[in-house]
J.: 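Quick one: the structure is below, and I'll ask about it shortly.
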Amino acid sequence: MMRHLISAADLTRDDAVQILDTAEEMARVADRPIKKLPTLRGRTICNLFFEDSTRTRISFEAAEKRLSADVINFAAKGSSVSKGESLKDTAQTLEAMGVDAVVIRHGASGAPFRLATSGWIDAPVINAGDGTHQHPTQALLDAFTMRRRLVGRDAGLGQDLAGKRITLVGDVLHSRVARSNVDLLHTLGAEVTLVAPPTLVPVGVETWPCEVSYDLDRVLPKSDAVMMLRVQRERMNAAFFPTEREYSRRYGLDGERMAKMPEHAIVMHPGPMVRGMEITAEVADSDRCTAVEQVANGVSVRMAVLYLLLGGNDSDSAVTHTRTEENK
Amino acid sequence: MSKTLIRGAQVLGGDVQDVLIDGETIAEVGTGLSAEGATVIEADGQILLPGLVDLHTHLREPGREDSETVLTGTRAAASGGFTAVFAMANTHPVADTAGVVEQVYRLGKESGYCDVQPIGAVTVGLEGKKLAELGAMHDSAAGVTVFSDDGKCVDDAVIMRRALEYVKAFGGVVAQHAQEPRLTEGAQMNEGVVSAELGLGGWPAVAEESIIARDVLLAEHVGSRVHICHLSTAGSVEIVRWAKSRGIDVTAEVTPHHLLLTDELVRSYNPVYKVNPPLRTEKDVLALREALADGTIDIVATDHAPHPHEDKDCEWAAAAMGMVGLETALSVVQQTMVETGLLDWAGVADRMSFAPARIGRATGHGRPVSAGEPANLTLVDPAYRGVVDPADFASRSRNTPYEGRELPGRVTHTFLRGRATVVDGKLA
Ligand SMILES: [Zn+2]
């Protein structure tokens, strides 16, 4: 394992499978009456959120608490970008307080990388979403959900997603979820296709390990999982697409479209869902939609990441002190 | 009057000659010149160039003296072999009146390290709305001939047209920072493969190219001359080449960093690489070098942009744009142009002294190395190899992308009108 988790691209296939397998173990804790392990007792983890995200923060906090860590929540309201140095200042404050790990969410792409590599702080850094760059634990929980559904809960142990065909639909341009998923799913052997209007596909996408299509209907019959990405309404004003109606006609997922998917195929959504535009209520509420499971799986995956990065119990020093490749 | 004999230097990289400086001028150029009464500099293996001229420098004074002052900036310039710099107008207050340009001009005179020629803003407050008093700045003691809203693009086509027309009355030139503002909203780096991966807002090449295309057509239409600042893309080169082939009076500059560095460096998220226009791709870098070699790009200009440490020691998005460049410019040009065989030293003299002086109408600079000319000279040791250490900089700021990098060449002496400003690589 690496020392920080900044980008899904930094994970090897074996790292990723190890995290998913560990997450299965963690998931069992959730089935117990007392949902708590003593693993990180006495360790302090700071959730450093420069950008609001209640869902992600709560998910990390639940994971930390189930591992018995002490949790500090630091919500830096307002834009750090306008304040300039606040990331560095905050990092040094946390360093002085002796935190053992920092989970960071930041509106600026690269802020977690900078935090991990600039010498401002020594603790492991876990990226909980940075700008339009990466959100690696989201990709891990998505992969975990896919493996459970498409390979099997027990049958999946030790397995990757070789040969599975995954389709990501929507605002790829602004999506850290898309970037992280393309990287991780490719590493895990899946075949990824991005579907979006050309305005929402980044210039330079041709080097990504995936296919790009503008035609959802053509891709659906060949998909084992279809992941809908969030489309923010304000994109409409920036002329990324003409109208909400036109967007949902061409790229929204309704019951009729879902019927074109193979029977075993699942529908995923990182949430929160904008019902109507990108996904209809009928699809969102169907048992093929994994949005709710994804939330539960998020806690297990984050427990696994924290456990592996922070070395779990004291005897597990092999994990703690393997600091071979700090970053790519 | 003091005399200096520079003995055995290759003048413009050509013949080995002695050059005798007497007072403010070059007294004699020849072989076996008498050293009587003169300080002798043994210049074996060194290249003698006309004092370098930078058409694009940010000196930050008035307003941001924490980053640079006219004094520290001209000391940096002298260290880099420059004898004249053109100071950009985006100061606080903006250099958009005769009063401000005269102040900068006077500070330059007082510094004594390098002549400072202020650039005047094209529009009031760099706001792109209303022409600044271009004539008054020209008529002032500063004698402004170059006008630029650099840092911002004069994006209104009508304002640009009027500025181009207006400065014809006194032989001025408008230097355009070509950046279509709408196409670069939220831009953080070159738009392409790397920005797609890093999730940083893209600054597309076409945002530069579309403005250059428009401006050369405007210059043609009104019969004026336009200068393109820090050209950075292969497409821009093509447009300028086309414009020149049509006889349009356009000149263009490239920065040293755009001749050497690419957007791959942004993968470090280290804001020292954050600059505007952004670092582009390898293909662009090679096209820029070719264009500088064949004269499509007329000059090298540093876009020396000093920033204090705290403006760069932060996350990428929060960081200021720009790099210091005066002290490393010649080394980068040596590495990218001379050592690649694209340009000889006479070519360097043209791109870094004769041509910029001509474009900016800097009389007394960019003159031939011959008897009777002002003794503005730079002596370079091309065999030197050294690792860049920003702690050695004379600039007040340290935001160099070359820290820890080995670069060739070193300015050993700089003379401003006969007076040594740099001796043995150290400021005099
Ligand atoms: Zn500029």
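Keep in mind that what you see is a predicted model, and the values were worked out from it rather than measured.
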J.: Given heavy-atom pairs under 4.5 angstrom as the criterion, report whether the side chain, backbone, both or neither of A:Ser118 touches chain B.
T.: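 For A:Ser118, neither part sits under 4.5 Å from chain B.
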
J.: Table please: side-chain donor-acceptor pairs of residues 107-116 of chain A below 3.5 Å, with sequence neighbours left out.
T.:
| unit_1 | atom_1 | unit_2 | atom_2 | d |
| --- | --- | --- | --- | --- |
| A:Ser109 | OG | A:Thr132 | N | 3.1 |
| A:Ser109 | OG | B:Gly199 | O | 2.5 |
| A:Arg114 | NE | B:Cys314 | O | 2.6 |
| A:Arg114 | NH2 | B:Lys312 | O | 3.3 |
| A:Arg114 | NH2 | B:Cys314 | O | 3.4 |

J.: Would you mind checking which part of B:Asn270 comes under 4.5 Å of any heavy atom in chain A, side chain (CB onward), backbone (N, CA, C, O), both or neither?
T.: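 Both parts, heavy atoms under 4.5 Å.
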
J.: Considering only heavy atoms and a distance below 4.5 Å, find which of B:Gly201, B:Ala320, B:Ser268 pairs most often with chain A.
T.: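 If we count pairs closer than 4.5 Å to chain A, B:Ser268 comes out on top.
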
J.: Shorter than 4.5 Å, heavy atoms on both sides: which option in B:Ser195, B:Gly192, B:Gly202, B:Pro204 has the most such pairs with chain A?
T.: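 Max contact count across the listed options: B:Gly192.
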
J.: Can any side-chain N or O of B:His258 pair as donor or acceptor with the backbone N or O of B:Pro277 at less than 3.5 Å?
T.: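 Answer holds: yes.
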
J.: Can you tell me which residue among B:Asp284, B:Thr262, B:Asp263 is in a side chain to side chain donor-acceptor pair (under 3.5 Å) with B:Asn190?
T.: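 With B:Asn190 as partner, B:Asp284, B:Thr262, B:Asp263 yield a single side chain to side chain donor-acceptor pair (under 3.5 Å), made by B:Asp263.
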
J.: Can you tell me if B:His307 uses its side chain to pair, donor with acceptor, with the backbone of B:Met321 under 3.5 Å?
T.: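 Side chain of B:His307 to backbone of B:Met321, a donor-acceptor pair under 3.5 Å: yes, one is there.
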
J.: I'd like to know if B:Glu68 and B:Arg396 make a salt bridge, using a cut-off of under 4.0 Å between side-chain N and carboxylate O.
T.: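 No, B:Glu68 and B:Arg396 are not salt-bridged.
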
J.: For A:Gln134, is it the side chain, the backbone, both, or neither that has a heavy atom closer than 4.5 Å to a heavy atom of chain B?
T.: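 The answer is neither part of A:Gln134.
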
